[in-house]
Amino acid sequence: MPERAQSAQEPLHRDEDAEGEALRARVQQAQRRRQGARGLQVRRQLGQPDQELRARPVAHQGSAHRRRDRQHHGGARRSARRIHAGEPEAGPMSDQEENHLIAERRAKLARIRERGVAFPNDFRRTALAGELIAAHGERAAEALDADPVRVKVAGRLRVKRVMGKASFAKIEDPSGQIQIFLQREALGDAYEDFKGWDVGDILGAEGVLFRTRTGELSVRAERIVMLVKSLRPLPDKWHGIADTELRYRQRYVDLIMNEDSRRVFALRSRIVRYVRSFLDARGFLEVETPMLHPIPGGAAARPFRTHHNALDVDMYLRIAPELYLKRLTVGGFERVYEINRNFRNEGVSTKHNPEFTMLELYQAYADYRDLMTLVEDLVHGLADTLLGGRTVRYQGAEYDFSGSFARLTIEQIILAHNPGLDPARLREVAYLRGVCDALGIGYGAGDGAGKLQIEIFEKTGEHKLLQPTFAYAYPTEVSPLSRRNDRDPFITDRFEFFVGGREIANGFSELNDAEDQAQRFRDQVARKEAGDEEAMYYDADYVRALEYGMPPTAGLGVGIDRLVMLLTDSPSIRDVLLFPHMRPEA
RNA sequence: GGGCCGUUAGCUCAGCUGGUAGAGCAGUUGACUCUUAAUCAAUUGGUCGUAGGUUCGAUCCCUACACGGCCCA
């Protein structure tokens, strides 16, 4: 189907592939621009016990809460004062009225109101700017004049240059910008109105395409309409919005100003869509499981707590969907996945947001090695489809995603990065404690060899796993939901996938021995009673489900935000979340 | 939790050794019928993050706090 004919009628539903082509080119351009940007080491928060996510000391949490509480009280007092003063809640805030720029625009809006409908919704555009440029941008001026193309375009005013009786403007819509040429002669009184309009207003223009003397494709306006008066001035047109805090708090301004930012979120959407189509094609069923859990499970993390009033029971926002998804495999849904939010009541950083998006999938009659292959296929497909190649540039580094990825055991990685260690003593607690002491790693009295190994791995090896790598054979001690290895009970059939020293995915053959699972829950409860706030609860119904028999199954968790960071060359998780968590404004 | 840095006009930023603040853009007024960060002339706009302290005097020095950034845990 001729894509332009279609898009002229449905301007908002454009052809995916054409968009993808352009997107890919621009992403590559952006990546080149960012070459040399500072690299970062990022730690990961995913799935099973991630030792980096140890709870901070209670004292820290307490003081943080106290600080927030004080602030809340302050805020409550302020807003109470406003209400008691009798100001309507919809009324302008005082700082707005004190700003003469906003006052000026309010006065303009008031004049528009006096003259009729101030916010009309009957202007219908017939074309998008970018499509007009694509379709007519190369045509000669004479050809355009000989065969006039009449268009109606609409968008936000981004550039305004008034030169007496003629003016140039640029409006922007989701596809790009197009120039409008306005003349007093053609527009009459409307031209005088236009001279008072502001950058940021949303307007419509109808006219004929032509080429200016400098050759720029433009619309010669025969009619212009103010559609929305913008009351707040946009940031500096040249420098844009540089304040990162403002970019996150007022994402709408960021999206108006920064094409790069729009591109990241468009690409995020395409990544998620690709993941869905990839799994759908393999016979996976997408499901939705509860976000409100009576018992938080499936990961080692501190949960958010809430309360169900009618039932008068405490509930938790989920920290992982794992145990519910595995109940479904018991029920016979042998391939299921869910892409949804998890919540963890922990710190906020460039790598952590309290709510984040995770893909979890479960595949019966498969093991962790099948999932490593699945990850390779998925990542290959994402790179090929969305980046146009298997070289991923991230913060100045290049990662090679072609072929299959390295597979190394945890012990191999430890030995590779700690050449002095004795391979024969890697499972001796006393020996490992000595290693930890030498490396400045703290440990608890109850930490076994597995826990100590992981601490050493995370301190010395993890951040060096730059090229795509599967680290596997995780100790059983730190993998309470993973299936024990048949030949070596010290380890489980579990892997994590790293790129750039960051954990992207975590997968394992599932523990489907109900009695083993019950014992591991009991161990977790013991740890919790000993003060480990991240230790898991005993989930009796989950054990009961396993007692009915869960088929041999493998499961995988993929941190979508981290995957998007990698594929969009974004240094902070806040760059890939439309509305990242922020402290309340002061 | 710790360290370092930042917070000045709507935006981007200057502001020296402490003497009550400036530029560009935006806005306003005027000129201008092919501009490209349009140009030219004039001009409005500030509780210098908040609260204390030192000082005759604080944007500047000190303390605490708030928010943000980077690094470390």
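To find a chain, count down the sequence lines: A is the first, B the second, and so on, and within it residues start at 1.
Rounded to a whole Å, the CE atom of A/M257 is 12 Å from the P atom of B/A26. Here the P atom of nucleotide B/A26 and the NE2 atom of A/H239 are 12 Å apart, to the nearest Å. Distance, A/L101 CG to B/G27 C1': 5 Å, rounded to whole Å. Here the P atom of nucleotide B/C34 and the CZ atom of A/R184 are 16 Å apart, to the nearest Å. Going from atom CZ of A/R106 over to atom C1' of B/U28 covers 18 Å, rounded to whole Å. Spacing between atom NZ of A/K165 and atom P of B/U35 amounts to 17 Å, rounded to whole angstrom units. B/U8 atom P lies 11 Å from atom CG of A/L246, rounded to whole Å. Following rounding to the nearest Å, A/L231 (CG) and B/G10 (P) show an atom-to-atom distance of 16 Å.
Taking a pair to require two hydrogen-bonding distances under 3.5 Å in either a Watson-Crick or a G-U wobble arrangement, B/U28 pairs with B/A42. If you check B/A9 for Watson-Crick or wobble pairing at under 3.5 angstrom, you find it has no partner at all. Here B/A64 sits opposite B/U50 as a Watson-Crick or G-U wobble pair (both hydrogen-bonding atom distances under 3.5 Å). Of all nucleotides present, only B/C72 satisfies the Watson-Crick or G-U wobble test against B/G1, with each distance under 3.5 Å.
Here, B/A51 and B/A58 have their P atoms 14 Å apart, quoted to the whole Å. Using P as the reference atom, B/C70 and B/G24 are 33 Å apart when rounded to the nearest Å. Going from the P atom of B/A42 to that of B/G52 covers 42 Å, rounded to whole Å. Using C1' as the reference atom, B/U55 and B/A14 are 26 Å apart when rounded to the nearest Å. Comparing B/A31 with B/G22, their P atoms are spaced 30 Å from each other, to the whole Å. Taking atom C1' in both B/C34 and B/U47, one finds a spacing of 47 Å when rounded to whole Å. One P atom belongs to B/U50, the other to B/A9, and the distance between them is 11 Å to the nearest Å. The separation of B/U7 from B/C13, taken at their C1' atoms, amounts to 13 Å, rounded to a whole angstrom.
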Run A/F168 and A/F181 through ring pair (Phe, Tyr, Trp, His ring centres under 6.0 Å) and show every step you take. CA-CA 5 Å; A/F168 289 93; A/F181 183 55; 4.8 Å; yes

Might you work through the salt bridge (charged side-chain N to carboxylate O under 4.0 Å, His left out) test for A/K195 and A/E192, ending with a clear yes or no? CA-CA 5 Å; A/K195 288 204 276 188; A/E192 296 306 316; 3.4 Å; yes

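Residue A/T212 places a side-chain atom within donor-acceptor reach of the base of B/U35, judged by atom type and a 3.5 Å distance cut-off alone. Donor-acceptor pairing under 3.5 Å, judged by distance alone, is present between the side chain of A/D236 and the base of B/G24.
Between B/C11 and A/K237, no contact under 4.0 Å exists linking OP1 or OP2 to a side-chain N or O. Considering only side-chain N and O atoms, A/R249 lies nowhere under 4.0 angstrom from the phosphate OP1 or OP2 of B/C67. The phosphate of B/U35 has neither OP1 nor OP2 within less than 4.0 Å of any side-chain N or O from A/R161. Contact between the side-chain N/O atoms of A/R574 and the OP1/OP2 oxygens of B/G69 is found at a separation under 4.0 Å. Remark: A/K108 is in phosphate contact with B/U28, judged by side-chain N or O atoms under 4.0 Å from OP1 or OP2. OP1 or OP2 of B/G68 lies within a sub-4.0 Å distance of a side-chain N or O belonging to A/R583.
Among the nucleotides B/C34, B/G69, B/G10, the one closest to the side chain of A/Y248 is B/G69. Taking only side-chain atoms of A/Q179, from C-beta outward, the nucleotide of B/A73, B/C70, B/U35 with the closest atom is B/U35. Of the candidate nucleotides B/G45, B/U35, B/U33, B/U35 has the atom nearest to the side chain of A/E216. When the nucleotides B/A38, B/G69, B/C34 are ranked by their closest atom to the side chain of A/F210, B/C34 comes out on top. Checking B/A37, B/C67, B/U44 against the side-chain heavy atoms of A/E245 singles out B/C67 as nearest. Distances were taken from every side-chain heavy atom of A/T350 (C-beta onward) to each of B/U33, B/G10, B/C70; the shortest belongs to B/C70. Of the candidates B/A26, B/U35, B/G68, the closest approach to any side-chain atom of A/T244 belongs to B/G68.
Residue A/D243 is the one, among A/M582 and A/D243, whose nearest nucleotide of RNA chain B lies closer to the 5' end (criterion: closest heavy atom). Nearer to the 5' terminus of RNA chain B, by closest-nucleotide assignment, is the contact made by A/I241 (compared with the other of A/I241 and A/R211).
A/Y443 does not carry A/K451 over the face of its six-membered ring by the limits of under 6.0 Å from the centre and within 45° of the normal. For the pair A/R251 and A/F579, the cation-pi test (distance below 6.0 Å, angle within 45°) is failed.
If you check the side chains of A/Y248 and A/D254, you find no donor sitting under 3.5 Å from an acceptor. Under the 3.5 Å distance criterion, with hydrogens and angles disregarded, a donor-acceptor pair is assigned to the side chains of A/D569 and A/Q395.
Heavy atoms of A/E104 sit under 4.0 angstrom from primed sugar atoms or phosphate atoms, though from no base atom. Counting non-hydrogen atoms under 4.0 angstrom, A/V199 reaches nothing in the nucleic acid.
In this structure the side chain of A/I241 never reaches within 4.5 angstrom of the side chain of A/I256, judged on heavy atoms.
In this structure, A/R211 contributes its side chain and A/G137 its backbone to a donor-acceptor pair below 3.5 Å.
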